[in-house]
Participant: 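Take this structure, written in structure tokens, and hold onto it; I'll ask about it next.
For the single chain, residues carry numbers from 1 onward in sequence order. Excluded from the calculations below are hydrogen atoms, water molecules and symmetry mates; all remaining heavy atoms, backbone and side chain alike, are included.
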Amino acid sequence: YDRPTPEQAGEGTNWWNELSRPGQVQNHQISINGGSNKNTYSVSLNYLDHQGMFIGGDYKRFGIRTSNTYEITDWLSAGLDIYITRSIQNSSGENTSMEGQVGTVNVIFKMSPTQTVYAPDGIYQKNTMPGTQTMENPIALAKEQTDAIRTQRAFGNFYLNVKPTK
């Protein structure tokens, strides 16, 4: 194993800084409500964008909710509520075992600080520490591995409301 001298290594690589970033959350919602003396309605749209603290990790969700109530008689009303969402979750592999490897956070602590993220030819540098050559570059795992979970959900509720009379 040919180790660089401290002078050859330069500043070195801070693997934690390479993998982490400031997390951000954006949440937007717009609603429209209205009705008449016999009917009420509500429609709302929402969007959530959560950028995780590790590169490659994020969660996005878009949803629409509708609600409608109609008074049929003085003692009977009916309503319908519907909520539909679509979400996409990307994992940076920080907590998972990826094809026999440990998660990216664990791997960064096993990477040599004298090693760079990229080789001189621009490809991701392999781990050169003795006993760890089978571990992938954690930055390559976080940026290049696609681990998207896509979910669509629909919830609905129909109801009748009966008011007792005297």
Participant: So, using side-chain hydrogen bond (donor to acceptor under 3.5 Å, both in side chains) as the criterion, who are the partners of Gln152 when residues are at least two apart?
Facilitator: none
Participant: With sequence neighbours left out, which residue pairs that include part of residues 137-163 fulfil the ring-ring contact (aromatic ring centres under 6.0 Å, His included) condition?
Facilitator: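 Not a single pair qualifies under ring-ring contact (aromatic ring centres under 6.0 Å, His included).
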Participant: Quick one: OG1 on Thr116 to CD on Gln125, what's the gap to the nearest 0.5 Å?
Facilitator: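 The distance works out to 4.5 Å.
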Participant: With sequence neighbours excluded, tell me which residues meet salt bridge (Lys or Arg N to Asp or Glu O under 4.0 Å) with Asp49.
Facilitator: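 Lys60.
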Participant: Which residues satisfy the side chain to side chain contact (heavy atoms under 4.5 Å, CB included) test with Leu76, sequence neighbours excluded?
Facilitator: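 Applying side chain to side chain contact (heavy atoms under 4.5 Å, CB included) to Leu76 gives Ile72, Thr73, Leu160, Val162.
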Participant: Which value, rounded to the nearest 0.5 Å, describes the distance between Ile30 atom CD1 and Leu45 atom CG?
Facilitator: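 Here the interatomic distance stands at 7.0 Å.
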Participant: I need the Asp58 CG to Asn90 CG distance, nearest 0.5 Å.
Facilitator: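 Output value for this atom pair is 4.5 Å.
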Participant: By side chain to side chain contact (heavy atoms under 4.5 Å, CB included), which residues pair with Tyr124, not counting sequence neighbours?
Facilitator: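 Partners of Tyr124 by the side chain to side chain contact (heavy atoms under 4.5 Å, CB included) criterion, ordered by chain and then number, come out as Val117, Tyr118, Asn137, Ile139, Ala140, Lys143, Glu144.
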Participant: Is Tyr47 linked to Tyr83 within one hydrophobic cluster, defined over Ile, Leu, Val, Met, Phe, Trp and Tyr using a side-chain heavy-atom separation of less than 4.5 Å?
Facilitator: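 No, separate clusters.
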Participant: How many angstroms lie between CD1 in Ile149 and CD in Gln89, if you round to the nearest 0.5 Å?
Facilitator: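 That separation rounds to 5.0 Å.
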Participant: Provide the closest heavy-atom pair for Val105 versus Ile108 in the form atom of the first, atom of the second, distance.
Facilitator: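 Val105 and Ile108 have their closest heavy atoms at O-CG1, 3.0 Å.
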Participant: So which heavy atom on Ala148 is nearest to which on Ile88, and how close?
Facilitator: CB-CG2, 4.4 Å
Participant: List for me each residue that meets side chain to side chain contact (heavy atoms under 4.5 Å, CB included) alongside Gln29, sequence neighbours excluded, and say none if there are none.
Facilitator: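 Per chain and number, Gln29 pairs via side chain to side chain contact (heavy atoms under 4.5 Å, CB included) with Ser31, Ser44, Asn46.
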Participant: Tell me the closest heavy-atom pair linking Ile55 and Ala142, and the distance in Å.
Facilitator: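 Smallest heavy-atom distance, with atoms named: O-CB, 3.4 Å.
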Participant: Sequence neighbours left out, what pairs pass salt bridge (Lys or Arg N to Asp or Glu O under 4.0 Å) with at least one residue falling in residues 70-89?
Facilitator: none
Participant: Hey, what else clusters with Leu48 if you join Ile, Leu, Val, Met, Phe, Trp, Tyr whenever side-chain heavy atoms sit under 4.5 Å?
Facilitator: Val25, Tyr59
Participant: Please table the atom pairs, donor to acceptor, closer than 3.5 Å between any side-chain atom in residues 13-24 and protein atoms at least two apart or in another chain.
Facilitator:
residue: Thr13; atom: OG1; partner: Gln115; partner atom: O; Å: 2.5
residue: Asn14; atom: OD1; partner: Trp16; partner atom: N; Å: 3.2
residue: Asn14; atom: OD1; partner: Asn17; partner atom: N; Å: 3.0
residue: Trp15; atom: NE1; partner: Ser112; partner atom: O; Å: 3.0
residue: Trp16; atom: NE1; partner: Ser20; partner atom: OG; Å: 3.4
residue: Ser20; atom: OG; partner: Trp16; partner atom: O; Å: 2.8
residue: Arg21; atom: NE; partner: Gly52; partner atom: O; Å: 2.7
residue: Arg21; atom: NH2; partner: Gly52; partner atom: O; Å: 3.3
residue: Arg21; atom: NH2; partner: Phe54; partner atom: O; Å: 3.4
residue: Arg21; atom: NH2; partner: Gly57; partner atom: O; Å: 2.7
residue: Gln24; atom: NE2; partner: Gln51; partner atom: OE1; Å: 3.2

Participant: Extract all donor-acceptor atom pairs below 3.5 Å that involve side chains of residues 32-43 and protein atoms in other chains or at least two apart in sequence.
Facilitator:
residue: Asn33; atom: OD1; partner: Ser42; partner atom: OG; Å: 2.6
residue: Ser36; atom: OG; partner: Lys38; partner atom: N; Å: 3.4
residue: Ser36; atom: OG; partner: Asn39; partner atom: N; Å: 3.3

